[in-house]
Q: 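Dumping the structure here so I can ask a few things about it.
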Amino acid sequence: MRSVAVFCGTSPGADPAYMAAARAMGAAIAGRGLALVYGGAKIGLMGAVADAALAAGGEVFGVLPVALMDREGAHEGLTKLEITPSMHERKARIAELADGFVALPGGVGTMEEIFEIWTWGQLGFHAKPAGFLNVLGYFDHLRAFVDHAVGEAFLKAPHRDMLVFKSESGEMLDALAAYKAPVTEKWIGRPEL
Ligand code: AMP
C-alpha cells in the first residue's frame, strides 16, 4: 500500500476529539511514508487531515470539483491539487490514486464516498480495503445497521466483513495493509440467468 484516501467531514464536529483524530490520521499516514489522497478542501476534518500530513513531511494529493472550489476552499499548500469538471470525475480520480480508503466522521458526503468504494469492492471491480475510523463511537449505529442488513439477507457476511472498523489510526493502517479481498459473489437468491 503506497497511498491512502481519507474521506471525512467538511465540518469540525461537535467534539474536539474529531479534529484531533483527523490530525492523528494525517500524521500517521505521512509517518509511514504513505501518500494522502483526499478531496482537496481546507475546511473541517478535511483540512485538518491534510495539514497534519503536510506538517509531518508527507505528500498530499487533493482532488476537488470546480463547483466546490469556493465553497469548500481549495487547499493551496498541497503537493498537488487537481480540479475536476465534476463530482463523478473527482471520485473516480480518488479511487484510482489510492490503494486503500478510510472514512473519518463526517456527513452524507463522507458516507456516499466510502459506500461507493465498498460497493465497488463488493462487486469485485477492485480489491482495495475500506475502513471506518470509529472516533467516539461515531459509526456504532452504522455498524449495527450493516449487521441488520446481513440478518435480513440483503448483504452477505463476507461483504460486511470487508469493512474495517478501528478507533486508532495506526491500527487502521495496519488492518488496511493486511486486507485480503473476499471472492464471494454479491448476489443472494439470484435465479440462474
Ligand atoms: P460531508 O461529509 O458532507 O461534510 O462532505 C465530505 C465531502 O464529501 C466533501 O468534500 C463533499 O464535497 C463530498 N460530497 C458531498 N456530497 C457528495 C456526493 N453526493 N457525492 C460525493 N461526494 C460528495
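Just so you know, these numbers come straight off a predicted model, no measurement behind them. Throughout, residue positions are numbered sequentially from 1 according to the sequence presented. In listed order, ligands and their atoms are each counted from 1.
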Q: Closer than 3.5 angstrom, by distance alone: can the side chain of Lys42 be matched with the main-chain N or O of Glu76 as a donor-acceptor pair?
A: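 No: the side chain of Lys42 does not pair with the backbone of Glu76.
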
Q: Within ligand 1, which atoms have a heavy atom of Gly9 less than 4.0 Å away?
A: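 It comes down to these atoms of ligand 1: 2 (O), 4 (O).
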
Q: Starting from atom 7 (C) of ligand 1, find the nearest protein heavy-atom neighbour and note its residue, name and distance.
A: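 Looking at atom 7 (C) of ligand 1, the protein heavy atom closest to it is Glu113 OE1, 3.6 Å.
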
Q: Taking 4.0 angstrom as the limit and counting only heavy atoms of Val108, give me the atoms of ligand 1 inside it, by number and element.
A: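 Near Val108, meaning under 4.0 Å from one of its heavy atoms, ligand 1 has 3 (O).
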
Q: Show me which atoms of ligand 1 lie under 4.0 Å from any heavy atom of Glu72.
A: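 Taking each heavy atom of Glu72 in turn, ligand 1 has 9 (C), 10 (O), 11 (C), 12 (O) under 4.0 Å.
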
Q: Can you say whether the rings of Phe115 and Trp118 are parallel (under 30°), tilted (30 to 60°) or perpendicular (over 60°)?
A: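 Ring orientation of Phe115 relative to Trp118: perpendicular.
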
Q: Answer yes or no: does atom CZ of Arg190 have more than 12 heavy-atom neighbours from other residues, nucleotides or ligands under 6.0 Å?
A: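 Yes - once you tally the heavy atoms of other residues, nucleotides and ligands closer than 6.0 Å, there are more than 12.
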
Q: Of all the non-hydrogen atoms in the protein, which one sits nearest to atom 2 (O) of ligand 1, and at what distance?
A: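 Checked against all protein heavy atoms, atom 2 (O) of ligand 1 sits closest to Thr110 OG1, 2.6 Å.
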
Q: Which of the numbered atoms in ligand 1 are under 4.0 angstrom from any heavy atom belonging to Cys8?
A: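 Under 4.0 Å from Cys8, ligand 1 has these atoms: 6 (C).
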
Q: Is there a heavy atom of Met111 sitting under 4.0 angstrom from any atom of ligand 1?
A: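 Flag not set, Met111 not near ligand 1.
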
Q: Which residue holds the protein heavy atom closest to atom 17 (C) of ligand 1, what is that atom called, and what is the gap in Å?
A: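 Checked against all protein heavy atoms, atom 17 (C) of ligand 1 sits closest to Met87 CE, 3.7 Å.
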
Q: For Lys186 and His159, which heavy atoms make the closest approach, and how far apart are they?
A: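 Of all heavy-atom pairs spanning Lys186 and His159, the closest is CA-CE1, 3.3 Å.
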
Q: Classify the ring geometry between Phe101 and Phe7 as parallel (under 30°), tilted (30 to 60°) or perpendicular (over 60°).
A: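 Judged by the thresholds at 30° and 60°, the geometry between Phe101 and Phe7 is parallel.
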
Q: Considering both backbone and side-chain atoms of Thr10, is one of its nitrogen or oxygen atoms within less than 3.5 Å of a nitrogen or oxygen in ligand 1?
A: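 Yes, since at least one N or O of Thr10 sits under 3.5 Å from an N or O of ligand 1.
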
Q: What are the atoms of ligand 1, with element, lying closer than 4.0 Å to any heavy atom of Leu68?
A: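 Taking each heavy atom of Leu68 in turn, ligand 1 has 12 (O) under 4.0 Å.
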
Q: Who's the nearest protein heavy-atom neighbour of atom 16 (N) of ligand 1, and how far?
A: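 Among all protein heavy atoms, the one nearest atom 16 (N) of ligand 1 is Gly109 CA, 3.7 Å.
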
Q: May I ask whether Gly107 has any heavy atom positioned less than 4.0 angstrom from an atom of ligand 1?
A: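 The answer is yes, since Gly107 has a heavy atom less than 4.0 Å from ligand 1.
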
Q: When you measure from atom 20 (N) of ligand 1 to every protein heavy atom, which one gives the shortest distance, and what is it?
A: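 Of every protein heavy atom, Glu112 OE1, 3.0 Å lies nearest to atom 20 (N) of ligand 1.
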
Q: Can Met46 be said to touch ligand 1, with heavy atoms closer than 4.0 Å?
A: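 Under 4.0 Å: yes for Met46.
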
Q: Grab the two heavy atoms, one from Gly13 and one from Tyr18, that are nearest each other, plus how far apart they are.
A: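 That would be CA-CD1, 4.0 Å.
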
Q: Output yes when a side-chain donor or acceptor of Arg23 lies under 3.5 Å from a complementary backbone atom of Asp51, and no otherwise.
A: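 Side chain of Arg23 to backbone of Asp51, a donor-acceptor pair under 3.5 Å: no, none is there.
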
Q: Can you tell me if Arg90 uses its side chain to pair, donor with acceptor, with the backbone of Gly39 under 3.5 Å?
A: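 Yes; at least one donor-acceptor contact below 3.5 Å.
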
Q: Could you tell me how the ring of Tyr38 sits relative to the ring of His75: parallel (under 30°), tilted (30 to 60°) or perpendicular (over 60°)?
A: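 Perpendicular, since the angle between the ring planes exceeds 60°.
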
